[in-house]
Structures are given as structure tokens and as C-alpha cells.
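Below is one structure; the comments refer to it alone.
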Amino acid sequence: MSRYPYVREVSPTTWYFRAPRYMRYMTREVTSIFIGIFTVIMLVGLSRLSEGQAPYEDFLAALNNPFSVIFLFLALAFALYNSFTWFNVAPKAMPIQVGEELMPDIVVAGGHYILWAILSVVILIWAGIF
Amino acid sequence: MMDVRVAERQTDLEILRYNPEIAGEPKLERYTVPTKTEWCVLDALNYLKDNVDPTLTYRWSCHMQVCGSCGMMINGEPKLACKAMLRDYPGVIRIEPLAHFPVERDLVAVADDFLAKLKRVKPYLIPLEKRLPEDGEYRQTPAQLKRYRQFAMCINCMLCYAACPEYGLHPKFIGPAAISLAHRYNRDSRDGGRDERQEEIATAEGVWECTFVGACSEVCPKHVDPAAALQQVKVASTVDWYLEHFMSWVQK
Ligand code: SF4
Ligand code: FES
């Protein structure tokens with residue numbers, strides 16, 4: 001018997017308009033562009049800092065405008081959104097089974113938040129903020 | 001008072017029809033069928049086939065959400081036709097074959113690719129210790145059963161493949177259900193086949209094609225949560241890699 005299967009192509013550029021869940025996914029992916037740009041800015045800042053005080057102050061001055069303040073707030077908001085949504089699905093990737101029961105999600109996600117808080121404090125202490 | 005459970009209505013169906021014997025593209029055809037509120041979409045299709053057009057082709061068997069053969073797109077969502085209740089669809093119901101698979105005829109999707117992938121991941125017990133019948137059965141505690149039970153619930157309905165945009169864009173991706181089933185056996189205390197399965201699933205065509213869209217878990221009618229299975233395989237494969245490259249003295 002011969003078969004003539006019909007193939008429906010998926011558009012590589014517009015597929016995510018097909019369902020709201022794809023749009024949600026793409027939105028989260030797009031937020032990481034902001035985080036990427038912020039990382040580049042931070043690396044530039046570090047390199048200026050290594051060149052001495054004057055270049056670093058020029059770098060800070062260059063950031064001192066409404067656009068970069070708005071951008072930095074957006075990047076912070078998106079970074080938080082990314083981190084929270086990531087930690088909240090951690091229990092799926094790393095379920096902990098004790099005997100016949102799975103630990104509640106909040107334990108696994110909570111562990112991530114606590115680790116996040118500890119690391120942040122350690123870095124802030126190391127950077128001389130406290 | 002009218003019993004709403006058996007209330008009748010006229011239901012409009014838009015069904016994608018494709019006849020491979022006639023050149024041309026699949027076409028949406030409109031039908032109106034008398035239906036009862038407690039019917040599912042599969043009942044409406046059966047009515048149509050029995051009373052209106054006997055050439056309408058679709059797969060089904062159990063009518064009770066266990067055989068996994070009645071998967072189709074219902075208003076754009078991958079669904080089991082025997083689980084999709086008409087009362088949840090007030091307007092016209094658009095029915096198409098499962099997305100991302102070629103169409104064999106009408107609502108029948110070509111499952112060959114999925115079946116070949118399933119075979120590749122060896123979804124069966126590869127015994128850790130060979131036992132003969134006289135040695136007695138393989139024993140397992142409830143806690144050991146719990147480790148994989150959720151992933152054993154898969155009915156191979158392929159709804160997760162129809163939901164997965166990665167599979168749609170990169171058909172080489174082994175995909176949610178096959179990897180979840182590999183994971184199911186990897187987590188079974190009686191099994192010793194993990195290394196063989198890792199060859200297939202811990203690869204670029206395997207879990208590393210997955211970008212965790214999570215659509216598979218949203219549509220799975222059996223709450224297998226394939227997205228969770230794939231992330232767990234990623235974590236375990238990453239641990240393997242570190243052990244192998246930085247801590248080769250540790251036995252896996
Ligand atoms: S994982 Fe769920 S959606 Fe995918 S084939 Fe199995 S039962 Fe169907
Ligand atoms: S007919 Fe068996 S799952 Fe729907």
C-alpha cells in the first residue's frame with residue numbers, strides 16, 4: 001500500500017503565536033536578553049575599574065542618565081522574575097523523596113531561596129557593603 | 001425540569017479532512033450533528049461516521065482514556081477525544097489531527113517517528129540481576145515503586161509531542177514521552193539499563209534539545225509531567241559529567 005502523508009510545516013518565526021503558553025515562554029526568554037545586556041555592562045564596568053579610578057568614574061558618569069536607570073530597573077525586575085520562576089520549578093527537576101513521600105515543593109524551592117540569600121549576603125560582605 | 005445531563009443540542013464540527021488518494025491539501029469540512037450534553041468529542045465523531053459520512057477516519061479504541069489512540073487537536077489544543085467533553089465547547093469545535101505529525105488520512109496522524117523513538121530508548125526492564133523463575137520474583141518496596149510510578153502512567157498518546165514546539169521545529173528531538181519512559185526504567189530499582197539508555201537520551205537529540213517550555217506537562221492527560229522527567233535527566237546527566245571529568249575516582 002502506498003502512503004501519501006501530508007506534512008504541515010511549522011513556521012520557525014511565528015510558531016509562538018499559536019498558543020498563549022508559547023507566548024508566555026517566549027516572554028520569559030526575551031527577559032534574559034536584558035539580563036545579558038546587564039552582564040555586559042557589568043563586565044565593562046569591572047574592566048574600567050581595573051584600569052583605575054578615573055576610567056571607572058567615567059563609566060559611572062556614562063550610566064548617569066534616565067535611559068540607563070530605566071534599563072537597570074527593568075533588568076533587575078526581569079532578573080527577579082527569571083530567578084523566582086526558575087526556583088519555583090526547581091522541585092520538578094530535583095524532587096527529594098523521603099521514604100514513600102516526596103518532600104513538599106516549598107522545601108526544595110525554599111532551600112534554593114535560602115541558598116540564594118546566603119550567597120548574596122556573602123558576596124555583599126566580601127564586597128565591603130556591610 | 002429538563003435534565004441537563006441528557007439535554008440535546010446541535011453541535012457544529014469543523015473537521016480537517018485529508019484523502020491521500022486524491023491530490024491536494026487537507027480541507028476543513030463543516031458538519032452539524034445532534035449531540036447530548038454528556039457526550040465527548042469522540043461520541044460526536046462516532047455519530048458522524050455511523051450516520052453521515054462512513055469514510056471519516058480517526059483512531060480510537062477504549063473510549064475511557066487508557067489506550068491513548070484518540071489524540072487530536074481540538075480547538076488547537078492536543079486532547080484525547082474521549083476526554084474532551086462537548087459541554088466544555090460551547091461554539092464550533094475545530095478538530096484536526098495531532099500537530100507536528102504528518103497526516104495519514106483525515107484525523108489519523110502518522111505515528112511511525114514516535115514509535116521508532118520509543119524503541120530507541122529501550123522502554124522495558126533490563127534486569128540488574130538475571131533471575132530464573134525458580135529464583136522467585138523481583139521484589140520492590142512501595143518507596144521504590146514511588147520513584148518511577150508517575151512516569152509509568154504514560155499511555156503513549158503523543159499529545160505531548162503535539163504540544164512541544166521543540167519537536168515541531170526539530171523533529172529529530174526524541175521528545176517528552178520517550179525520554180520520560182526511559183527515565184521511568186532508569187529509576188526502577190530492578191533495572192540495570194541506564195548506561196544503554198543514556199547513549200540515546202543524554203544527547204543533543206535527547207534532553208539537551210529540550211528548552212523547558214513545559215507545554216508537554218500542561219497537556220498530558222495522565223499527569224506524567226514529562227517536563228519534570230526531562231529536567232531530572234538533565235540534572236542526573238550533568239552530575240555524571242562532573243563525576244567523570246573531575247571526580248573520576250568516585251564510583252557512579
Ligand atoms: S507523557 Fe502524557 S501526553 Fe505524553 S504520550 Fe505519555 S500520556 Fe500522552
Ligand atoms: S479512545 Fe482510548 S484514550 Fe481515547
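In the text below, chain A, chain B and the rest are named by the order of the sequence lines, each starting its count at 1.
- The CG atom of B/L16 lies 9.0 Å from the OH atom of A/Y6; values are rounded to the nearest 0.5 Å.
- At most 12 heavy atoms of other shown residues, nucleotides or ligands fall within 6.0 angstrom of atom NZ in B/K79.
- Here the CD atom belonging to B/E104 is positioned 4.0 Å from the CZ atom belonging to A/R3, to the nearest 0.5 angstrom.
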### Task
Verify salt bridge (Lys or Arg N to Asp or Glu O under 4.0 Å) between B/E77 and A/R21, making sure each step is shown before the conclusion.
CA-CA 11 Å; B/E77 276 279 298; A/R21 67 166 67 91; 2.9 Å; yes

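- Here A/R18 is the residue among A/R24, A/R18, A/M94 with the most heavy-atom pairs under 4.5 Å with chain B.
- Contact annotation for B/R147: both backbone and side-chain heavy atoms come within less than 4.5 Å of a heavy atom of chain A.
- Taking both residues in full, the closest heavy atoms of A/G99 and B/A143 are given as O-CB, 3.4 Å, listed atom of the first, atom of the second, then distance.
- Only the side chain of B/D112 comes within less than 4.5 Å of a heavy atom in chain A; its backbone stays farther off.
- Contact check for B/T141 versus A/E100: no side-chain heavy atoms found under the 4.5 Å cut-off.
- Closest heavy-atom contact between B/P165 and A/W15: CB-CZ3, 3.4 Å.
- Counting non-hydrogen atoms of neighbouring residues, nucleotides and ligands closer than 6.0 angstrom, the CD1 atom of A/I106 reaches no more than 12 such neighbours.
- Contact check for B/Q232 versus A/P95: side-chain heavy atoms found under the 4.5 Å cut-off.
- Between the CZ atom of B/F212 and the CD atom of A/E29 there is a distance of 11.5 Å, given to the nearest 0.5 Å.
- The minimum heavy-atom distance between B/A162 and A/Y22, with the atom names listed, is O-OH, 4.2 Å.
- Interface remark: of the candidates A/A93, A/A19, A/P91, A/A93 forms the most heavy-atom pairs closer than 4.5 Å to chain B.
- Counting only heavy atoms from C-beta outward, the side chains of A/R8 and B/P97 approach each other to under 4.5 Å.
- Contact count versus chain A (heavy atoms, under 4.5 Å) is highest, among B/S217, B/G76, B/A99, B/A236, for B/A99.
- With values rounded to the nearest 0.5 angstrom, B/H100 atom NE2 is found 11.5 Å from A/E9 atom CD.
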### Task
Step by step, work out the side-chain contact (heavy atoms from CB on, under 4.5 Å) result for B/Q231 and A/V89.
CA-CA 10 Å; B/Q231 305 330 301; A/V89 292; over 6 Å; no

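- A 6.0 Å sphere centred on OH of A/Y4 holds no more than 12 heavy atoms belonging to other residues, nucleotides or ligands.
- Counted within 6.0 Å of OH on B/Y89, heavy atoms from surrounding residues, nucleotides or ligands total more than 12; the atom is thus considered enclosed.
- The environment of B/K49 atom NZ is dense: over 12 non-hydrogen atoms of other residues, nucleotides or ligands sit within 6.0 angstrom.
- In this structure, the portion of B/V235 lying under 4.5 Å from any heavy atom of chain A is its side chain and not its backbone.
- Counting heavy-atom pairs closer than 4.5 Å to chain A, the top residue among B/V108, B/V110, B/V233, B/T211 is B/T211.
- Only the side chain of A/Y25 comes within contact range of chain B, judged by heavy atoms closer than 4.5 Å.
- Contact of the A/V7 side chain with the B/F101 side chain is not registered, since no non-hydrogen atoms from C-beta on lie closer than 4.5 Å.
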